[in-house]
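First up is the structure itself, then whatever we jot down about it.
Just follow the structure's listing: the first ligand is 1, and inside any ligand the first atom is 1. FYI, side chains are in, hydrogens and waters are out, and symmetry mates aren't considered; it's all heavy atoms of this structure.
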Amino acid sequence: MSDCLVIGGGIIGMMSARMLVNSGASVTLLDQRVCGRESSWAGGGIISPLYPWHYDDLTNELSFESQAVYETLCDSLHSSSGIDPQYQKSGLLMMDEFETATAKAWMKRYKISYESHPQGALFTHIAQVRNPRLLQALKADIINRGVNIVEHTQVESLITKDDKVLGVHSSKGDFLASNVVACSGAWTGQLLDLEDDVFPIKGQMIILKAKAGDIKHIILDQGRYIIPRVDGRILVGSTMEDVGFYRDVDQPTKDSLYEFAWQHIPALKNVEIEYHWSGFRPASKSGKVIVARDKKFNNLFINTGHFRNGLNMAPASANRITQLINE
Ligand SMILES: Cc1cc2nc3c(=O)[nH]c(=O)nc-3n(C[C@H](O)[C@H](O)[C@H](O)COP(=O)(O)OP(=O)(O)OC[C@H]3O[C@@H](n4cnc5c(N)ncnc54)[C@H](O)[C@@H]3O)c2cc1C
């Protein structure tokens with residue numbers, strides 16, 4: 001029996017487990033596959049919403065709170081695990097026409113400024129992480145801190161009594177706990193009957209192998225982006241597909257992402273595409289992130305619906321859910 005049982009080992013589940021164990025709780029984390037191999041692995045690692053003025057206040061608050069701690073968090077994970085998440089403030093160059101009244105109001109409200117650039121506006125405060133490394137570092141860190149990770153274990157249903165959750169039935173038997181935290185990403189709608197349904201929005205992405213240092217900033221244009229990693233690899237993303245849990249990738253998308261890359265940076269035209277993949281963003285019906293105590297079961301907590309911004313919002317979102325549990 002644990003104090004807290006976390007369902008799902010993506011960035012949200014592992015960050016929540018870290019905060020909970022740091023607050024003195026005993027924590028068991030279950031994942032149906034292995035930790036850190038779903039959406040959190042598939043994402044781009046930009047530590048900001050793409051067009052933040054399109055999001056609600058909670059998303060912006062969680063983003064700013066996370067941005068304030070991300071570098072220190074990555075340093076701490078690097079020293080505890082030996083794995084460098086490669087946090088870098090590479091800045092984001094926005095090539096879209098963005099100076100709408102909404103964008104202006106948002107910048108004024110949050111005191112955000114940008115530098116003029118020949119190709120658009122450069123937001124120098126925006127950082128990125130290499131998310132697969134971040135996840136490996138985080139997993140090693142929480143194991144060191146005593147989180148009991150049980151992989152290849154699918155939670156099938158909750159064990160309930162009146163207004164309480166006693167634990168879960170899983171493919172490897174029952175797990176009992178004082179509190180259950182659902183961090184099951186795009187699968188949450190399959191597991192729980194939530195008023196604000198959670199479902200997958202697939203995104204496809206490619207990675208190119210270029211020369212280090214050729215591209216300095218993240219480039220954003222018309223909803224698509226190019227992310228330069230420190231070793232020269234370049235990510236190009238991404239699509240938004242409402243196709244359920246259909247994981248396959250397709251050639252026309254690969255071609256169009258590649259075309260987007262070389263049209264913005266002609267030097268990428270002859271660069272090799274190393275890999276093409278997809279992931280399932282956890283979207284919610286309301287379009288809002290869900291960081292809350294369940295309405296029916298008072299020791300069930302939900303931390304999901306982070307959609308395009310879960311890597312970015314994870315530290316603050318984990319902090320909020322820990323505060324709710326410890327209230
Ligand atoms: C192409 C793409 C690009 C993106 N780019 C960015 C970006 O640049 N910046 C950003 O902030 N965000 C980005 N995102 C979004 C971000 O990746 C997600 O918001 C975030 O990863 C969600 O984290 P999660 O832990 O909720 O989900 P996941 O990482 O999907 O983790 C959920 C975990 O729960 C487990 N699970 C599910 N059901 C069960 C069950 N019944 N029993 C046991 N385990 C279960 C799964 O196996 C999985 O490991 C991107 C996403 C995609 C797909």
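Taking the charged nitrogens against the carboxylate oxygens, Lys139 and Glu151 do have a contact shorter than 4.0 Å, which makes a salt bridge. Salt-bridge check for Glu195 with Lys295: passed, with a basic side-chain N closer than 4.0 Å to an acidic carboxylate O.
If you check each of Gly43, Pro200, Ser40 against atom 2 (C) of ligand 1, the one with the closest non-hydrogen atom is Gly43. Compare Gln128, Arg281, Arg308 by their heavy atoms: the one nearest to atom 53 (C) of ligand 1 is in Arg281. Of the listed options Gly13, Cys183, Gly305, Cys183 places a heavy atom closest to atom 32 (C) of ligand 1. Counting heavy atoms only, Gln32 comes closest to atom 36 (N) of ligand 1 of the residues His152, Lys202, Gln32.
No hydrogens or angles considered: a donor-acceptor pair under 3.5 Å links the side chains of His276 and Gln204. Checking Asp75 against Thr72 by side-chain atom types alone, no donor-acceptor pair falls below 3.5 Å. Looking only at atom types and distance, the side chain of Arg229 has a donor-acceptor partner in the side chain of Gln128 under 3.5 Å away.
Under the 4.5 Å side-chain criterion, counting only non-hydrogen atoms from C-beta, Phe297 is not in contact with Val180. Looking at heavy atoms from C-beta onward, Asn298 lies in side-chain contact with Arg293 at the 4.5 angstrom threshold.
Tyr110 and Phe64 have tilted rings, their planes meeting at an angle from 30° to 60° on a 0 to 90° scale.
Taking atom 31 (O) of ligand 1 as the reference point, the nearest protein heavy-atom neighbour is Gly10 CA, 3.4 Å.
Checked against a 3.5 angstrom limit, the closest N/O atoms of Phe307 and ligand 1 fall inside it. Between Met205 and ligand 1, not a single N/O pair is under 3.5 Å apart. Taking any N or O of Asn312, backbone or side chain, at least one lies under 3.5 Å from an N or O belonging to ligand 1. Taking distance alone, with nitrogen or oxygen atoms compared against 3.5 Å, Gly45 approaches ligand 1 more closely than that limit. When only interatomic distances are considered, the shortest N/O to N/O separation between Gly279 and ligand 1 does not fall below 3.5 Å.
Using a 4.0 Å cut-off between heavy atoms, Trp277 makes no contact with ligand 1 at all. Here Ile227 has no heavy atoms under 4.0 Å from ligand 1, in either its backbone or its side chain. Using a 4.0 Å cut-off between heavy atoms, Trp41 makes no contact with ligand 1 at all.
Relative to the six-membered ring of Trp106, Arg109 misses at least one condition, a distance below 6.0 Å or an angle of at most 45° to the axis.
Listed by number with element, the atoms of ligand 1 under 4.0 Å from a non-hydrogen atom of Trp187 are 30 (O), 37 (C), 38 (N). Atoms of ligand 1 lying under 4.0 Å from at least one heavy atom of Gln154, given by number and element, are 41 (N), 42 (N).
The closest approach between Thr188 and ligand 1 stays at or above 4.0 Å for every heavy atom of the residue. At least one heavy atom of Pro282 lies less than 4.0 angstrom from ligand 1.
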Query - side-chain hydrogen bond (donor to acceptor under 3.5 Å, both in side chains) assessment of Asn312 paired with Ser48 - result: CA-CA 6 Å; Asn312 164 38; Ser48 169; 5.6 Å; no
